[in-house]
Amino acid sequence: MQRPKSIAHSYNRNNNNNNNMSSSSSTTTRATILSNNRQNSARLAAVSNWLVNDTALRDVPNFYPLDNSSKYVNDRPSEIANRISDCCRVMSVQATYDNDLATANLITSEHVEIHITLWKATSDNSPMTIVEAQRRKGDAVLYHKYSQNILSAAIGSFSYEDFMQSSRDEESKVARQSSIIQEIKNEKKQRAEEALKSIDDQNNSNHNVNVNSFLGGDGDDSLVALEIAASLLKKDRMDARQLGMETLCLLTDPSKTGIETALLASKVVLFGSIDAGTESLEDEYMPAEDLGVREAILSLVQFGKLGEYIDFEEEEENGGSGAANAHEEEKEFNALLHNLALAVLANALDVLERHGEEMAGIGSNTASNVAVAAAAAQNDGEPGTGTNANAFLEETKEISKRELLSTLLNVLGEAETKPHDACLSAQCLRSLFQASRKAKRKARDLNAKQIVNTALDVARRTHVKLETETKNIMKELERTDDLDENTTTENNGEEESQEEEDSEHEE
């Protein structure tokens, strides 16, 4: 049944008015979001890293199925590319842009690879752009999270403040979970100690039973996990080595495994071995040559490759060019292991910085303690954490025949091409600088300020996390200058007072 013409005309007109109001409302909302984003994102890059010509987009090829992670956007391609570029910077995603093809290759810190393409869409009323995201490699859940943020940025609804707040909430959630797990462990340990004490009181004898053995051996489980990771690193299969490095990343992260396990794993990573000099471990000594974890980490960080038998002197003579001569697939795999090794080292150094005194108490007869004592004698009264950090730097230099600070600064200097590695290197440097004044003085002699400033310029354009870490390093280096200036002022004052006394004595 057809409507009367007047009624149909009125219906169409009202429907069009409603659509216009809805369109106007959505346009106003999007404009408000864009305005707020521009006001709140003053820290974003002033110039886009992705420059796309509005009239140079390609048509979608025939018989080409678009990915499910695709979105039609009613905006100019240059504006869409600008927003996506800013979103990648905020999320600290490494991006390689092709301005001619309007494509972008993205790599996240979790090694998820994403390919972004801007296609031209046919529309009679207004310019339309198709934004397509494809997962090339990596975890599907993480890809979904990143792709949703990228597509939200494409339409202008990505919020810098909301993203940073969600990141902080996630970190605080992980921290709360870790603290709860640690409280449960401490409560179990306290109950076990009370139970053992009551047993000793009843039998009037000291059984000398290990608390962790009574609980089921949490410390033993950590040592077993370390041995498994070390055995995986010694295998010749790529997947086994990657799994070993990822295991070490988890073991050295207190938010994932708890502080007790992180302390044990971090000491093995930094000092090579651990001695059961405390009640938390079995009476068993694990020499460095049995595990080889420290040597594997140093080999990957210093020379970018991992071998079952590592000759550091030969690598130093060859200039560390072994990784450069490898095949393309091996280069890619070594780059992945290098990144994971930097992550393990960053975790271990962070544990050293925050819990250095506790780490020093684990194991009293290891060879590293001799080096710690030697460093303490030359440390000018530096606290225990600084002593451990100095001992670690001295031992790494003896093993690899290369200065670790110099290597980390070189990695930081490659922020343009490897921002994720540079960010992890910056975390390592920050922990070392906060733990050791000697490390800060040595870094200044290695032209650290210029390298950090260069990395900071790159980070402001491309990588928020790297920007934060480089700013923290610069604060530490400037604090070194303040200490030196105060020392110089005191010395000058002492010299002037001494000169006045000498002149009075002569008169």
Side-chain angles (χ1 to χ4, degrees), residues 245 248 252 266-273 288 292-306 310-320 322-323 334 337-353 356 359 367-368 371-372 374-375 378-379 382 385-415 418 421-449 451-452 455 469-470 472-473 476-477 480:
M245 292 303 302
L248 288 176
T252 53
S266 298
K267 183 152 190 181
V268 171
V269 168
L270 297 178
F271 299 106
S273 60
V293 172
R294 174 175 59 171
E295 286 72 13
I297 298 297
L298 289 179
S299 175
L300 286 168
V301 171
Q302 300 274 45
F303 305 107
K305 74 171 193 175
L306 178 63
I310 305 163
D311 192 343
F312 289 100
E313 294 183 359
E314 182 180 352
E315 285 294 330
E316 181 63 24
E317 292 175 358
N318 296 333
N334 285 335
L337 291 185
H338 176 70
N339 179 269
L340 291 174
L342 285 171
V344 173
L345 185 60
N347 289 342
L349 288 174
D350 185 69
V351 172
L352 172 66
E353 175 208 341
M359 184 181 293
S368 62
V372 169
Q378 304 174 355
N379 207 26
E382 197 160 350
T385 302
T387 302
N388 287 332
N390 294 334
F392 165 69
L393 291 175
E394 291 296 330
E395 289 186 12
T396 54
K397 186 176 180 180
E398 293 178 2
I399 294 172
S400 62
K401 315 301 180 184
R402 181 179 291 189
E403 194 73 54
L404 180 62
L405 286 176
S406 177
T407 300
L408 294 175
L409 289 172
N410 290 336
V411 174
L412 183 60
E414 298 177 356
K418 298 178 180 179
D421 290 355
C423 184
L424 293 171
S425 176
Q427 293 176 18
C428 295
L429 290 169
R430 172 185 55 80
S431 298
L432 286 172
F433 293 165
Q434 290 180 350
S436 171
R437 294 193 297 267
K438 184 178 179 181
K440 286 189 285 188
R441 290 193 294 267
K442 187 176 294 184
R444 187 175 58 178
D445 296 336
L446 296 172
N447 200 22
K449 277 193 173 182
I451 297 174
V452 173
E469 294 298 335
T470 48
N472 291 336
I473 294 177
E476 292 298 326
L477 292 175
T480 301

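If you're wondering where the values come from, they're calculated on a predicted model, not measured in any experiment. Along the sequence shown, residues are numbered consecutively beginning with 1. In what follows, every heavy atom counts, from backbone to side chain, and hydrogens, waters and symmetry copies are set aside.
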Original post:
With sequence neighbours excluded, what pairs up with Lys418 under the salt bridge (Lys or Arg N to Asp or Glu O under 4.0 Å) test?
Top reply: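 Once residues adjacent in sequence are excluded, Lys418 has no partner under the salt bridge (Lys or Arg N to Asp or Glu O under 4.0 Å) criterion.
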Quick one: pull up [atom1] in [X] and [atom2] in [Y] and give me the separation to the nearest 0.5 Å.
X	Y	atom1	atom2	answer
Asn472	Thr470	CG	OG1	8.0 Å
Leu477	Arg444	CG	CZ	9.0 Å
Arg294	Phe271	CZ	CZ	8.5 Å
Thr407	Glu403	OG1	CD	8.5 Å
Leu352	Leu432	CG	CG	8.0 Å
Glu394	Asn390	CD	CG	7.5 Å

Is the shortest heavy-atom distance from the side chain of [X] to the side chain of [Y] under 4.5 Å?
X	Y	result
Gln302	Lys401	no
Val344	Met245	yes
Leu408	Leu412	no
Ile297	Leu248	yes

**OP:** Sort out for me which residue in Thr252, Leu345, Val293 forms a side chain to side chain contact (heavy atoms under 4.5 Å, CB included) with Leu270.
**Re:**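 By the side chain to side chain contact (heavy atoms under 4.5 Å, CB included) criterion, Leu270 pairs with just one of Thr252, Leu345, Val293: Leu345.
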Subject >> Qualifying residues under side-chain hydrogen bond (donor to acceptor under 3.5 Å, both in side chains), relative to Asn447, sequence neighbours excluded >> reply: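 Residues passing side-chain hydrogen bond (donor to acceptor under 3.5 Å, both in side chains) with Asn447: Gln450.
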Least distance between heavy atoms, [X] atom then [Y] atom:
X	Y	value
Ala343	Leu424	N-CD1, 3.8 Å
Leu429	Leu405	CD2-CD2, 3.8 Å
Leu409	Ser425	N-OG, 4.4 Å
His338	Val411	NE2-CG2, 4.2 Å
Ser400	Phe303	O-CZ, 3.7 Å
Ala346	Gln427	CB-OE1, 3.8 Å

Subject >> Ser299 side-chain N/O to Glu295 backbone N/O, donor-acceptor pair under 3.5 Å >> reply: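 No, the answer is negative, given that no donor and acceptor are paired below the 3.5 Å cut-off.
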Subject >> Donor-acceptor pair, side chain of Ser436 and main chain of Phe433, under 3.5 angstrom >> reply: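 Pair absent, no side-chain N/O of Ser436 close to backbone of Phe433.
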**OP:** Look at Glu476 together with Arg430 and state whether they make a salt bridge at an N to O cut-off of under 4.0 Å.
**Re:**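 So Glu476 does not pair with Arg430 through a salt bridge.
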